[in-house]
Every structure is written in structure tokens, then in C-alpha cells.
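Input: a single structure, listed below in C-alpha cells.
Keep in mind it's a predicted model, so treat the numbers as computed, not measured. All chains are named by letter (A, B, ...) in the order of the sequence lines, taking the proteins before the strands, and each is independently numbered beginning at 1.
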2 protein chains.
Amino acid sequence: MHHVQREQRVLDAASSLICRLGYDKTTMDDISREAGVSKGAVYLHVPSKEALLETLLMREMHRYASQWIAVVQSEPDGGTMGGMFRAMLLALADHPFMSAMLREDSQILGSYLRKPDNLLRKQGGRNTRAILIEQMQQAGAVREDIDPIIAAHILKMLSYGLISMGQIMSEDQIPELGPLVDAIASMLDSWMTPLLGFDSEAGKTLVRQMVEAAQTSDKPEQSE
Amino acid sequence: MHHVQREQRVLDAASSLICRLGYDKTTMDDISREAGVSKGAVYLHVPSKEALLETLLMREMHRYASQWIAVVQSEPDGGTMGGMFRAMLLALADHPFMSAMLREDSQILGSYLRKPDNLLRKQGGRNTRAILIEQMQQAGAVREDIDPIIAAHILKMLSYGLISMGQIMSEDQIPELGPLVDAIASMLDSWMTPLLGFDSEAGKTLVRQMVEAAQTSDKPEQSE
DNA sequence: ATATGACTAAAACAGCAAAATCAGTCAAAC
DNA sequence: GTTTGACTGATTTTGCTGTTTTAGTCATAT
């Protein structure tokens with residue numbers, strides 16, 4: 001069995017278990033058993049449980065970002081603010097760890113959240129969302145009179161709200177995801193998109209560039 | 001000293017202490033000391049600690065609703081969806097207990113949240129927000145092609161997001177409240193308000209009626 | 001080489017009794 | 001009549017014990 005194959009199986013096992021039981025209640029023995037490998041083998045891929053979670057989080061972030069780009073590229077309205085954000089919310093709903101990170105869910109992330117130098121605290125640097133909106137403005141895809149920082153914050157409120165409502169109200173009171181994100185997209189479009197037509201492709205390019213920039217800065221060890 | 005006066009002082013003391021320390025860590029002795037009355041006197045007004053919190057929650061809900069109505073009535077755009085919601089968010093930001101209830105904050109509400117028949121669970125009945133939006137549509141103040149249930153849910157996501165962001169990011173990363181709610185209001189207006197002019201007063205009346213209906217249904221013991 | 005699982009040290013946990021806390025009461029003071 | 005605060009019993013916390021769990025290792029087997 002190849003290393004890469006086995007690493008995937010370990011990560012998959014860890015992912016499914018941690019989603020179900022949470023980081024604290026999932027043991028390394030559980031993971032190795034679920035992955036069908038020995039415990040020692042797990043430690044050939046990952047130096048510690050904490051690092052395993054971080055690897056997992058990174059993988060999920062990359063998958064999430066990739067899905068986001070892919071949808072943005074393929075949809076005709078992927079370059080509009082609404083289309084962009086709808087793709088983001090749908091990708092978010094598909095990636096439980098991404099959601100757990102965004103809402104800092106202690107049920108899933110458990111004691112990892114309390115570590116002083118966890119991944120969440122690190123990436124609290126510059127406001128990439130605001131920068132994207134600013135670039136969208138320069139490209140003519142977003143109205144000039146909107147403050148990028150405030151708009152970025154509203155987007156954050158919406159994403160946070162979307163993935164958190166399940167915690168405080170029963171599932172059957174929450175509308176279906178599809179129509180809900182469609183409505184959010186149309187709301188954003190009517191608010192942010194200028195009346196004049198604009199180049200949707202420009203928006204798509206901006207998203208791709210932003211994600212690629214973020215992903216290369218994740219892995220400085222690959223630079224040469 | 002009059003009963004009513006003292007009751008206010010007790011409630012004020014309880015409010016300030018519970019906001020700071022949370023329900024669990026605030027003792028009845030703390031409250032009586034802070035209010036400057038004896039413990040026995042507290043029990044002349046309130047039968048139990050739990051009832052004290054519920055009295056407090058009711059008072060805060062009424063104050064919140066009153067402030068909301070007042071601002072809606074006084075502002076020129078109070079009858080538009082945006083103006084209405086801006087007034088609501090500002091009132092929310094002024095009423096910590098209302099916010100704590102909305103976000104089901106266990107830091108503040110503590111063990112009260114776990115009680116099986118608390119106030120929060122009771123009022124989980126019909127979706128008053130959606131009904132208001134439906135009525136706004138009938139009054140011509142909201143576009144017909146918007147689904148009231150979905151729109152109501154988006155409003156809930158926005159309120160929840162607004163009062164919850166402080167929990168997951170530092171205060172200095174959050175924009176000022178005024179410009180933020182202005183932006184949200186203008187977003188909602190551009191999304192929900194029809195292009196044709198409409199009667200803003202009609203919207204104000206709807207809000208007043210809704211709040212009054214809710215407040216009278218709170219006190220069935222006063223009927224007769 | 002590569003992979004394993006018994007092993008270890010450290011941490012988490014369950015059980016328990018003593019001590020402290022606190023919601024609620026009521027005889028006494030005003 | 002009104003108000004008080006010392007008092008009470010139930011609950012929670014604390015400090016301790018012995019036991020179990022678990023992250024990570026490494027001598028051995030493949």
C-alpha cells in the first residue's frame with residue numbers, strides 16, 4: 001500500500017470520527033482501527049494528534065477552497081458578488097470542518113480551541129474578504145459607494161449565521177439550503193452589483209487569484 | 001420606600017450583576033447587597049431565583065420592544081423594511097439580555113438554559129417575523145416575489161450574526177455599530193422594497209400592532 | 001525496509017467524604 | 001404592618017484515593 005493512499009485513509013477515518021465524536025473523544029486507537037492500519041503507522045504520517053487535526057483542517061480548507069473556485073468558474077453568475085457568495089455558502093455547507101472552524105465549535109474542535117497557538121488564531125491577519133471586495137470594486141463588479149470592510153463583515157455575519165442557526169433552532173424550522181442561499185445571493189446582487197453591466201469573468205479571475213495566493217502562502221516549505 | 005421603587009432596584013441590581021457574572025455565579029445575597037435591601041425583601045417581590053430571572057427577561061423584552069417601536073415611529077424611514085430592521089438591531093445592541101436570549105448565551109443564562117420549560121422554549125411558536133413580512137407585502141411595502149419565511153430567516157441570521165461576532169473575534173476587528181446597521185438597512189431596502197413608492201406609515205402601524213399583540217399575549221392574567 | 005501492537009508515563013476519570021456555598025425561611029426587631 | 005439577617009437543608013465544590021484511559025514509543029516480526 002502506498003504512503004499517500006494510507007495517509008488519505010487515516011485522514012478520512014479521522015475526519016469521520018472527529019465529526020461524529022469530536023476531537024477530545026476520538027482516540028488515536030479509534031482512528032487507526034477505523035483506518036485499518038496499526039497505530040504506529042499513523043505516527044509515520046503525523047507527529048502528534050494535534051498535528052493530525054491541523055493536517056485535516058488544512059486538507060479541508062483546501063478542498064473547500066477548490067470546490068468554491070470550481071463552482072465560481074462553472075456558474076455563469078460566478079463572477080457576481082451574489083454568485084460568488086452562494087458558491088461559498090454551498091461549499092461551506094459541504095465542509096463540516098470549515099464550518100466548525102468558522103463557528104469555533106467546541107463540540108467538534110474541543111480542547112484544540114484552547115491551545116494558545118492554534119490555526120484559527122494564526123490566520124486572523126488581514127481581512128482577505130474586504131480585499132476581494134475592494135478588487136471587485138476596481139473591476140467594476142461592486143458599487144463604489146459600499147465600504148468594503150463593512151460589506152465583508154456583513155458577509156461574515158451571514159456565513160456565521162447560516163452555519164450557526166442549526167445550533168439554536170430545530171432543523172425543521174430552517175428553510176431548505178438551496179432556496180435560502182439563492183435568496184441571499186439575490187439580496188447581495190441587488191445591493192452590491194452596479195446597475196451597469198460588467199465583466200463576470202473578471203470577478204471569477206479575482207476569486208481564483210485570491211484563493212491561489214492564500215494557498216501558496218499556506219505552504220512556504222514548497223518554495224525553493 | 002415604595003414597593004415598586006424597591007422592585008426596580010432589585011431588578012436593576014440583578015440585571016447588572018447577571019450581565020457581569022452570569023446567572024449561575026450571581027447569588028441572591030449578591031443581589032440583595034447590590035440593591036441595598038435585605039434578602040428577605042427580595043423574596044417579597046419574587047418567589048424564586050428562577051422567577052427573578054424571568055421577571056428580568058420579561059422586563060427587558062418589553063423595554064426592548066418599546067424602544068424598537070419608538071424608533072420605528074420617530075424615524076422617517078421607520079416603515080421601510082430597512083428602517084424597521086435597523087431600529088431592531090440598534091435596540092438589540094442596547095439590551096444585553098435580549099441579545100443573550102437570542103444567542104442562547106450559556107455564559108449569561110447559565111443553568112437556566114437547561115431548564116426544560118424556560119421562557120426561550122415557550123415562545124418558539126409561530127414565526128412572527130415571517131408574518132410581519134407577509135403583512136408588509138400585503139401593504140405593498142415589500143416585493144411580492146420574496147418568500148416571507150426565507151426572508152425572515154435571513155433577518156434572523158443577520159441579528160444572530162450581529163450579536164454573536166463579538167464572541168469569536170476581537171472588538172477592534174468589528175466595524176462601528178452605526179455604519180454597520182446603516183449598511184444592513186440599505187441592503188435590505190434595495191432587496192425587499194418595491195421600486196414604486198409606498199406608505200411608510202402603514203409599515204409603522206404594522207410594527208406597532210405586532211408588538212402590542214405580542215405584549216398582551218404575554219400577560220393573560222390581566223385579561224378579564 | 002516497513003509495519004506492528006505491547007508497553008509506559010502522564011493525564012483523565014470515577015468514587016467518596018468533608019467542607020463550603022447558597023436558595024429559601026421565619027422568629028425576632030422595628 | 002414591614003423588614004431583617006441568622007438559620008437550615010439541599011446542593012455543589014473540594015481534596016483525596018485508586019483506577020482507567022490514552023498519546024506516543026520502540027523492540028520485535030514481517
Grab the CG-C1' distance between A:Leu44 and D:dA23 for me, whole Å please. 15 Å
Mind checking salt bridge (charged side-chain N to carboxylate O under 4.0 Å, His left out) for B:Lys25 and listing every partner two or more places apart, or none if nothing turns up? none
Between the side chains of B:Asp24 and B:Lys49, is the shortest nitrogen-to-carboxylate-oxygen separation below 4.0 Å, so that they form an ion pair? no
Which residues pass the salt bridge (charged side-chain N to carboxylate O under 4.0 Å, His left out) test with A:Arg20, not counting sequence neighbours? none
Side-chain donor/acceptor pairs under 3.5 Å, residues 102-109 of chain B, sequence neighbours excluded:
{"unit_1": "B:Arg103", "atom_1": "NE", "unit_2": "B:Ile163", "atom_2": "O", "d": "3.1"}
{"unit_1": "B:Arg103", "atom_1": "NH1", "unit_2": "B:Asp105", "atom_2": "OD2", "d": "2.4"}
{"unit_1": "B:Asp105", "atom_1": "OD1", "unit_2": "B:Gln107", "atom_2": "N", "d": "2.7"}
{"unit_1": "B:Asp105", "atom_1": "OD1", "unit_2": "B:Ile108", "atom_2": "N", "d": "3.4"}

Contacts of A:Asn118 meeting side-chain hydrogen bond (donor to acceptor under 3.5 Å, both in side chains) (sequence neighbours excluded), chain-then-number -> none
Do other residues, nucleotides or ligands put more than 12 heavy atoms under 6.0 Å from the CD1 atom of A:Ile149? no
Please work out which of the three classes, parallel, tilted or perpendicular, describes the rings of B:Tyr64 and B:His95, given edges at 30° and 60°. perpendicular
Starting at the 5' end of nucleotides 21-28 of chain C, put B wherever the base has a protein heavy atom under 4.0 Å, S where only the sugar-phosphate does, and a dash everywhere else. -SBBB---
For A:Ile31 and D:dT22, give me the distance from atom CD1 to atom C1', rounded to whole Å. 12 Å
To the nearest 10 degrees, how far apart in direction are the end axes of the helix from C:dA1-D:dT30 to C:dC30-D:dG1, each fit to five base pairs? 30°
Using whole Å, report how far CG of A:Leu53 lies from P of D:dG24. 12 Å
Does A:Arg6 put a side-chain nitrogen or oxygen below 4.0 Å from OP1 or OP2 of C:dA3? yes
Working for side chain to side chain donor-acceptor pair (under 3.5 Å), residues B:Asp12 and B:Ser15: CA-CA 5 Å; B:Asp12 290 342; B:Ser15 172; over 6 Å; no
